[in-house]
Each structure stands twice: as C-alpha cells, then as structure tokens.
Amino acid sequence: MAAQAPVDEIAQLSVSDAAATKPKPGLDSATATNGNLNHDSDDSDDDAENAAPGAETGAAKKKKKRKPKKKKKNPTAQSDPPRVLISQLFPNKVYPKGEEVEYVNENRYRTTNEEKRHLDNLKNDFYNDYRHAAEAHRQTRQWAQKNIKPGWSLTDIANGIEDSVRALVGHQGLEEGDALKAGMGFPTGLSLNHCAAHYNPNAGNKMVLQQDDVLKVDIGVHVNGNIVDSAFTLAFNPRYDPLLEACKAATNEGLKQAGIDARLGEIGGYIQEVMESYEVELDGNTYQVKPIRNLNGHTILPYNIHGGKSVPIVKSNDQTKMEEGDVFAIETFGSTGNGYVHEEGEVSHYAKRMDAPKVDLRLSSAKSLLNVINKNFGTLPFCRRYLDRLGQDKYLLGLNSLVANGVVESYPPLVDKKGSYTAQYEHTILIRPTVKEVISRGDDY
C-alpha cells in the first residue's frame, strides 16, 4: 500500500490471540474416536414362519463387519479458486522462507555469528507468522495473475482476491475480532492507468477492465498483525512491457541496496537511476519512465501499514539508516506522465489514526461506527465494502464525522495526469540479524 511523502502514520494495536485452527472436515459426532462407525445390524437367518407365537428362536444376532473409515488426508495442492487452508498444505505449521540474501562488506560476519543467530532464533514465531502471510499472498496472486482478464469488473476482481486471502488464512472476518487475527492487511488496490494507488471499488462500482488498461494490483495479507505488502502490475498490451520492466527492475535494485546501515536517501538514488534508464514508446511518442517522486516505500509495524521511516524512489538527502529488526515495503512507481501524483476521486480507503484524539463525538452514528472499527479493524486499513460486508448501512455521515474529527484518516486515489500510464512493483523485506529476507518473493516476481 503506497505511502505518500510525508508518511501518515496509522495506529498500532496489540492483539495476542493467535489464529484459530480450523477443525478438519469429515467425521461427524457419531464417529468413534478411532474413526470407525459403530452401527449394529439386526439381520437374522432364522426362519420364524413355523415358530410358535412368543417362542424364542435362540439364534444369535449377527453383526456385519464394516471396514474402518479411512482418515482424510491433508490436501497437497491448492484449489482454483484458492480455498485450501495454508495450514493444511503445511501440516507441521512451518511455512516456506522467502528469499534470503546474505549481508556484504562490514555486515558479512552476521551470517555465521552465533550471537546474531541466537537473536534470529528468538523471533521464530514472528518470522513464521510473516511466512504464513507471504505464502497466502503468493497463492492468491498466482490465481489472480492466471485468471484476471479484460472483461472482469473491478468489484469481481477485488472480491476474488479478498475471498481467497480470507479462505487461505482461515478467517472470514465476519465475527467480531476475527479480522484482527488474520486476513486482509489493507483493501486491495486496483488502480488503473494514470491512477497509481489507493483505488478500490465501492458498492455499485461498474468499472470493467479493458484490453488496453494497465492495472496495479496491491495486496496486503496479515497474520497476527504482521502485514505482507506486495504489488504487481498487469497489462495485456505488450507495448506497456518496458514500463512494467522499469518498475520491476527498480524495485529489485531497491531490494539489492537494502540492508543494515543502508541510508534511505541513497537507496532512492539507485532506484531512480534504474527507473530512468527505461523508455516506453506509445502512439509514436517516446517517454522516459519517471519515478513518481512523492510516493515512497515505508516501514511496516504490527497492525500499522505505514511505520515511521520512508524509502524514497528518487535521490534525497535523507540520512536515516535501515536497522536490524526493521520490516520494509520496498515499492516503486513508474509513470509516463509528470512523475507526481495528487489526490482525486471518490475515497474507498480508510484507517483509524495511531494518534487519534479522544473526541466527544456528537453523532451517535459516528460513535457506533467507531466501535465497529475498533473491534473489527483496529488500526488496519479498511474500505467501505468491508463495512458493507459486516452489515453496516447508512454509515457515511458517521464515517465523514470521524475523518473530520481526526480519528480516522481517509486515503483518496492518487493520480498522475490523465492520459498517462503508471506501474508498480513491491516486496516486503525483513531486515533480520543474520540475513535480509525478501519475504514475499515468488517465482513470478
């Protein structure tokens, strides 16, 4: 999820409940503990026609032998659309690591240093939650990349992605507090063409993906508040390939330069150099790909998608360093337009502010809505469709009141000039004591 410069912080919320383990389907309450059904048969081979009334036949009842019911095995492959729990695909609950990259130069020692290894081991549960979320992200986006085609509505695309994420982590988010355990880290960004970020269809949206569109797909998945933020771009006309390649290469350069003690302003310079080395030819005109200079990468904190540090995508004098234990979203945006975005259009993205003031809210609708937000999202970003899904209605007045009072932040769509095209690629990286781990890396990007 894109961060504007300067970054607006979103509040933290600590939730200790681990994601609940979903019971395995299959055996009902009548099933014995060993998996065998204990039904008796009353069949008899005795001929009772000639027996005197009331006389006992003396024949023992025969019991049919039944084969033991086979236990259902855990699935070994994902369904289409994705509905098999990630925890069932990995029954030992140890999830795949991302791309691990060793540190270089003065930090090279960290890879084998016993003290750093010990510090790494202390955070195994934290890493495993992140890897759980990352695997759900990879399998969801694999489905999205395979199935999204021109003719799909943005609403169907958003629902398809979000339904998959919730199914894979086993939390539908319909019961109070369930979405805080695992699920969507933020509303799915589906931004078209000159719109670079923060677009998600509200109820009634009729927009349909076209053959010549450039679609940014920004997906957030969290487990216990640990958010994987990763994005890619889809284009169906090959003329946009250089634009997509520019962003992908620039993001990879940012990941390469990231690490302990790396200065954020210098990383921005490396990203800019790679991005501006690409050109796109559209309708006989050649455009240098420009980094969108007022969009940044950012740190991620528990239940807080935009932490306190920003990673620029142009060179700056920011001397802030990356530090051991940081989690960063390295994201780049390229444009054939001005390389600068402004807010425009109907808002869909919202989040409760980290520094939300205690306000005497006059509207009862604002008070009740804030209660819903606190119990279901905390400081995780949400959108109007998520409120609709919880059965909320006639909430806009209350929502606008919360925004006006500084309790909730709104995030309007961010757009470059009309007629231009923008692209985005993004990964989440863990700055571990021993290595840096690109947690969201996959075979696709």
Visitor: Taking the side chain from Ser153 and the backbone from Met207, do they hold a donor-acceptor pair closer than 3.5 Å?
Guide: no
Visitor: Measure the CD-CE distance between Gln257 and Met322 for me, rounded to the nearest 0.5 Å.
Guide: 10.0 Å
Visitor: Who pairs with Phe328 by ring-ring contact (aromatic ring centres under 6.0 Å, His included), at least two apart in sequence or on another chain?
Guide: none
Visitor: Short question: side chain of Ser277, backbone of Val274 - any donor-acceptor pair under 3.5 Å?
Guide: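 It does hold such a pair.
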Visitor: Relative to each other, are the rings of Phe382 and Tyr350 parallel, tilted or perpendicular (30° and 60° limits)?
Guide: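 Ring orientation, 0 to 90° scale: parallel.
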Visitor: Between Phe90 and Tyr95, what is the ring plane arrangement, given parallel below 30°, perpendicular above 60°, and tilted in between?
Guide: perpendicular
Visitor: How close do Pro312 and Ile271 get, counting heavy atoms only, and between which atoms?
Guide: O-CD1, 4.0 Å
Visitor: Please give me the minimum heavy-atom distance between Gly406 and Arg353, naming the atom from each residue.
Guide: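 Heavy atoms of Gly406 and Arg353 come nearest at O-CD, 2.8 Å.
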Visitor: Just to verify, what does Asp444 make a salt bridge (charged side-chain N to carboxylate O under 4.0 Å, His left out) with, not counting sequence neighbours?
Guide: Arg141
Visitor: Let me have the donor-acceptor pairs involving side chains of residues 243-252, under 3.5 Å, with sequence neighbours excluded, atom names and distances please.
Guide:
{"residue": "Thr251", "atom": "OG1", "partner": "Cys247", "partner atom": "O", "Å": "3.0"}
{"residue": "Thr251", "atom": "OG1", "partner": "Thr332", "partner atom": "OG1", "Å": "2.8"}
{"residue": "Thr251", "atom": "OG1", "partner": "Tyr425", "partner atom": "O", "Å": "2.9"}
{"residue": "Asn252", "atom": "OD1", "partner": "Arg441", "partner atom": "NH1", "Å": "3.0"}
{"residue": "Asn252", "atom": "OD1", "partner": "Arg441", "partner atom": "NH2", "Å": "3.2"}
{"residue": "Asn252", "atom": "ND2", "partner": "Lys248", "partner atom": "O", "Å": "3.3"}

Visitor: Examine Arg166 relative to Tyr386 and say whether NZ or CZ is less than 6.0 Å from the centre of the six-membered ring and inside a 45° cone about the ring axis.
Guide: yes
Visitor: Applying side-chain hydrogen bond (donor to acceptor under 3.5 Å, both in side chains), can you list everything that pairs with His198, at least two apart in sequence or on another chain?
Guide: none
Visitor: Counting only N and O atoms by type, is there a donor-acceptor contact under 3.5 Å from the side chain of Asn107 to the main-chain atoms of Ile260?
Guide: yes
Visitor: With rounding to the nearest 0.5 angstrom, report the CD1 to CD1 distance, Ile148 to Ile157.
Guide: 4.5 Å
Visitor: Counting distance only, does the side-chain N/O of Thr379 pair as donor-acceptor with the main-chain N or O of Asn304 below 3.5 Å?
Guide: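 No, Thr379 side chain to Asn304 backbone: no donor-acceptor pair under 3.5 Å.
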Visitor: Enter the distance from Thr140:OG1 to Ile161:CD1 here, rounded to the nearest 0.5 Å.
Guide: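 Those atoms lie 8.0 Å apart.
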Visitor: Does Glu437 have any salt bridge (charged side-chain N to carboxylate O under 4.0 Å, His left out) partners at least two apart in sequence or in another chain, and if so, which?
Guide: Arg131, Arg432
Visitor: Name every donor-acceptor pair, under 3.5 Å, that has one atom in a side chain of residues 363-371 and the other anywhere in the protein, sequence neighbours excluded.
Guide:
{"residue": "Lys367", "atom": "NZ", "partner": "Leu361", "partner atom": "O", "Å": "3.3"}
{"residue": "Ser368", "atom": "OG", "partner": "Ser364", "partner atom": "O", "Å": "3.3"}
{"residue": "Ser368", "atom": "OG", "partner": "Ser365", "partner atom": "O", "Å": "3.1"}

Visitor: Output all residues satisfying salt bridge (charged side-chain N to carboxylate O under 4.0 Å, His left out) with Arg384, sequence neighbours left out; order by chain, then residue number.
Guide: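 Glu346.
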Visitor: Does some side-chain heavy atom of His118 sit less than 4.5 Å from a side-chain heavy atom of Glu114?
Guide: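 They are not in side-chain contact.
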Visitor: After noting the C-alpha distance and the side-chain angles of Trp152 and Asn147, does the key distance pass the side chain to side chain contact (heavy atoms under 4.5 Å, CB included) rule?
Guide: CA-CA 10 Å; Trp152 277 48; Asn147 288 280; 4.3 Å; yes
Visitor: Testing the 3.5 Å rule here: is there a donor-acceptor pair between the side chains of Asp416 and Thr422?
Guide: no
Visitor: Show, in sequence, the C-alpha distance, side-chain angles and deciding distance for Ile227 and Leu380, and conclude whether the side chain to side chain contact (heavy atoms under 4.5 Å, CB included) test is met.
Guide: CA-CA 9 Å; Ile227 308 169; Leu380 290 172; 3.8 Å; yes
Visitor: Could you tell me whether the side chain of Arg110 and the main chain of Pro433 form a donor-acceptor pair under 3.5 Å?
Guide: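 Confirmed, Arg110 side chain pairs with Pro433 backbone.
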Visitor: Among all residues two or more places apart in sequence or in another chain, which pass the ring-ring contact (aromatic ring centres under 6.0 Å, His included) test with Phe126?
Guide: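 Partners of Phe126 by the ring-ring contact (aromatic ring centres under 6.0 Å, His included) criterion, ordered by chain and then number, come out as Tyr130.
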Visitor: Taking atom types as modelled, find out whether Ser440 and His427 have a side-chain donor-acceptor pair closer than 3.5 angstrom.
Guide: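 Indeed, the side chains of Ser440 and His427 share at least one donor-acceptor pair under 3.5 Å.
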Visitor: Say whether Asn374 and Lys352, considering side chains only, have a donor N or O and an acceptor N or O under 3.5 Å apart.
Guide: yes
Visitor: Any donor and acceptor pair, going by atom type alone, linking the side chain of Asn124 with main-chain N or O of Asn121 inside 3.5 Å?
Guide: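 Indeed, once roles are kept as given, a pair shorter than 3.5 Å links the two residues.
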Visitor: With side chains defined as the heavy atoms from C-beta onward, is the minimum distance between Val341 and Val415 less than 4.5 Å?
Guide: no
Visitor: Has Lys436 got a side-chain atom pairing as donor or acceptor with Ala258's backbone, closer than 3.5 angstrom?
Guide: yes
Visitor: List the residues meeting side-chain contact (heavy atoms from CB on, under 4.5 Å) with Asn105, not counting sequence neighbours, and say none if there are none.
Guide: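 For Asn105, no residue satisfies side-chain contact (heavy atoms from CB on, under 4.5 Å) once neighbours in sequence are set aside.
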Visitor: Looking only at atom types and distance, does a side-chain atom of His137 sit under 3.5 Å from a main-chain N or O of Val165, one as donor and one as acceptor?
Guide: no
Visitor: Can you list every salt bridge (charged side-chain N to carboxylate O under 4.0 Å, His left out) pair that touches residues 203-218, not counting sequence neighbours?
Guide: Asp212-Arg239
Visitor: Can you find a side-chain donor-acceptor pair between Arg83 and Ser164 that sits under 3.5 Å?
Guide: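 Yes.
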Visitor: Could you state the interatomic distance from CG (Leu209) to CG (Leu190), rounded to the nearest 0.5 Å?
Guide: 9.5 Å
Visitor: Consider only side-chain N and O atoms of Gln424 and Glu331, and report whether a donor and an acceptor are under 3.5 Å apart.
Guide: yes
Visitor: Just to verify, which of Asn296, Thr299, Asp326 counts as forming a side chain to side chain donor-acceptor pair (under 3.5 Å) with Lys309?
Guide: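 Result: among Asn296, Thr299, Asp326, Asp326 is the only option passing the side chain to side chain donor-acceptor pair (under 3.5 Å) with Lys309.
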Visitor: Report the residues that fulfil salt bridge (charged side-chain N to carboxylate O under 4.0 Å, His left out) with Asp80, sequence neighbours left out, ordered by chain and then residue number.
Guide: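 Lys146.
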Visitor: In the structure I gave you, are the side-chain heavy atoms of Val327 and Asn226 within less than 4.5 Å of one another anywhere?
Guide: no
Visitor: Test side chain to side chain contact (heavy atoms under 4.5 Å, CB included) on Phe232 and Ile219; report intermediate values, then the result.
Guide: CA-CA 9 Å; Phe232 59 94; Ile219 305 171; 4.2 Å; yes
Visitor: Take Lys256 and Tyr270 through the test side chain to side chain contact (heavy atoms under 4.5 Å, CB included) and record every step on the way to the result.
Guide: CA-CA 10 Å; Lys256 176 183 175 183; Tyr270 287 111; over 6 Å; no
Visitor: Just so I know, are the side chains of Leu255 and Glu99 near enough to count as touching, which here means a heavy-atom distance under 4.5 Å?
Guide: no
Visitor: Taking the side chain as everything from C-beta on, heavy atoms only, tell me whether Pro412 gets closer than 4.5 Å to Glu344.
Guide: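 Side chain of Pro412 against side chain of Glu344, heavy atoms only: no contact under 4.5 Å found.
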Visitor: With ring centroids as reference points, do Phe186 and His222 lie under 6.0 angstrom apart?
Guide: no
Visitor: Just jot down the ring-ring contact (aromatic ring centres under 6.0 Å, His included) partners of Tyr109, sequence neighbours excluded, or say none.
Guide: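 ring-ring contact (aromatic ring centres under 6.0 Å, His included) check on Tyr109 returns nothing, list empty.
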Visitor: Could you tell me the separation between the CD atom of Glu323 and the CD1 atom of Ile431, rounded to the nearest 0.5 Å?
Guide: 10.5 Å
Visitor: Nearest 0.5 Å, please: how far is CG in Asn205 from CZ in Arg385?
Guide: 9.5 Å
Visitor: Checking the side chain of Ser230 only, and the main-chain atoms of Glu426 only, is there a donor and an acceptor separated by less than 3.5 Å?
Guide: yes
Visitor: Taking Ala158's backbone N and O only, do any of them form a donor-acceptor pair with Asn200's side chain (distance below 3.5 Å, no angle check)?
Guide: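 No, Asn200 side chain to Ala158 backbone: no donor-acceptor pair under 3.5 Å.
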